[in-house]
Amino acid sequence: MTPPVFRFAPSPNGLLHLGHAYSALLNYEAAKAMGGRFLLRIEDTDITRARPEFEQAIFDDLHWLGIEWEEPVRRQSDHFGDYKPALEKLEAQGLSYRSYLTRSDIKRIVEAHEAKGSDWPRDPDGAPHFPGRHYEEQATIDDSSYTVRLDIGACLKKVNRDISWREASDSGFTDITEVAAEPQKWSDIILVRRDAPASYNLAVVIDDAVQGVTHVVRGEDIYAATSSHRLLQELLGLAQPLYHHHRLICDEEGRKLSKSQHDTSLASLRASGLTAANIKERFGFKKG
Ligand code: GLU
């Protein structure tokens with residue numbers, strides 16, 4: 001039997017914090033316990049925010065935690081061409097379209113609708129649904145740049161059956177339940193951004209498949225997005241991994257940690273004298 005494949009996939013747009021340490025250690029320890037492989041992937045499709053010094057800091061922090069990964073590390077920006085065939089496949093089937101609507105066009109459309117007294121639907125993150133391709137004529141095109149979006153209506157027709165994913169309640173994957181995917185809750189997600197040739201949602205499903213990832217362990221802030229990932233896997237004929245979305249680590253006031261709070265970064269905790277053993281102990285991992 002082929003061994004399970006786990007991955008930790010941080011974005012190099014800030015310093016890692018305790019929440020990342022928890023996620024990386026969960027993946028690493030689960031891979032070890034199951035005789036599996038552990039991969040590190042640099043998710044830098046957002047080229048406007050990714051920086052080489054943050055990538056180096058990821059390597060330093062993970063080494064400090066005692067985590068070892070297989071080389072070479074896959075860096076998404078080195079593989080932008082790999083996402084093209086998937087985009088072409090979706091486009092050829094009429095499942096995606098170019099959108100020229102700008103952020104301010106979308107805002108104007110949503111506000112005009114809400115001014116008439118009815119709510120505009122929102123996605124699980126609270127952002128307004130994308131208006132859809134039938135609103136394209138309202139674009140105030142001032143240049144030739146565009147985004148590529150998935151046409152959710154066309155995709156649901158194409159798949160034409162309920163889809164789901166397998167979610168484990170633990171990182172040991174002993175207790176698995178089937179969760180119904182609801183990709184319509186996200187409306188027409190972005191596949192290609194104006195400033196990047198692939199979106200996170202597109203790149204993550206392709207990379208997990210290319211790298212043979214069988215077990216995805218990541219934060220519960222991405223739980224709802226798994227619906228879109230499952231839809232893309234169905235449309236592109238990709239294997240589906242098992243998923244475990246873990247709790248998020250919060251600060252003393254109960255707020256989710258963020259990369260902008262520099263005092264909670266692993267680098268500053270390390271500088272203040274905290275050891276990797278302290279961190280492992282805090283999360284209940286075995287020492288050593
Ligand atoms: N790159 C994402 C992040 O840093 C993780 C995505 C994933 O694990 O699927 O939040």
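Counting starts at 1 for both ligands and their atoms, following the listed order.
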Below 3.5 Å only, please: the N or O atoms of ligand 1 paired with protein N or O atoms, distance on each line.
unit_1: ligand 1; atom_1: 1 (N); unit_2: A9; atom_2: O; d: 2.8
unit_1: ligand 1; atom_1: 1 (N); unit_2: S11; atom_2: OG; d: 3.1
unit_1: ligand 1; atom_1: 1 (N); unit_2: E43; atom_2: OE1; d: 2.6
unit_1: ligand 1; atom_1: 4 (O); unit_2: S11; atom_2: N; d: 3.4
unit_1: ligand 1; atom_1: 4 (O); unit_2: S11; atom_2: OG; d: 3.4
unit_1: ligand 1; atom_1: 8 (O); unit_2: R7; atom_2: NH1; d: 2.7
unit_1: ligand 1; atom_1: 9 (O); unit_2: R7; atom_2: NH2; d: 2.9
unit_1: ligand 1; atom_1: 9 (O); unit_2: Y200; atom_2: OH; d: 2.8
unit_1: ligand 1; atom_1: 9 (O); unit_2: R218; atom_2: NH1; d: 2.9

Using only atom types and a distance under 3.5 Å, with no angle test, would you say the side chain of D188 pairs donor to acceptor with the backbone of D151? no

Taken in chain and number order and not counting sequence neighbours, the residues that satisfy ring pair (Phe, Tyr, Trp, His ring centres under 6.0 Å) with F130 are none

Can you name the nearest heavy-atom pair linking L15 to K259, along with the distance? O-CG, 3.5 Å

Taking R75 first and then E55, would you say they form a salt bridge - that is, a charged N and a carboxylate O separated by under 4.0 Å? yes

Between CZ on residue R247 and CD on residue E220, distance to nearest 0.5 Å: 9.5 Å

Compare all side-chain heavy atoms of S187 with those of D123 and state whether any distance is below 4.5 angstrom. no

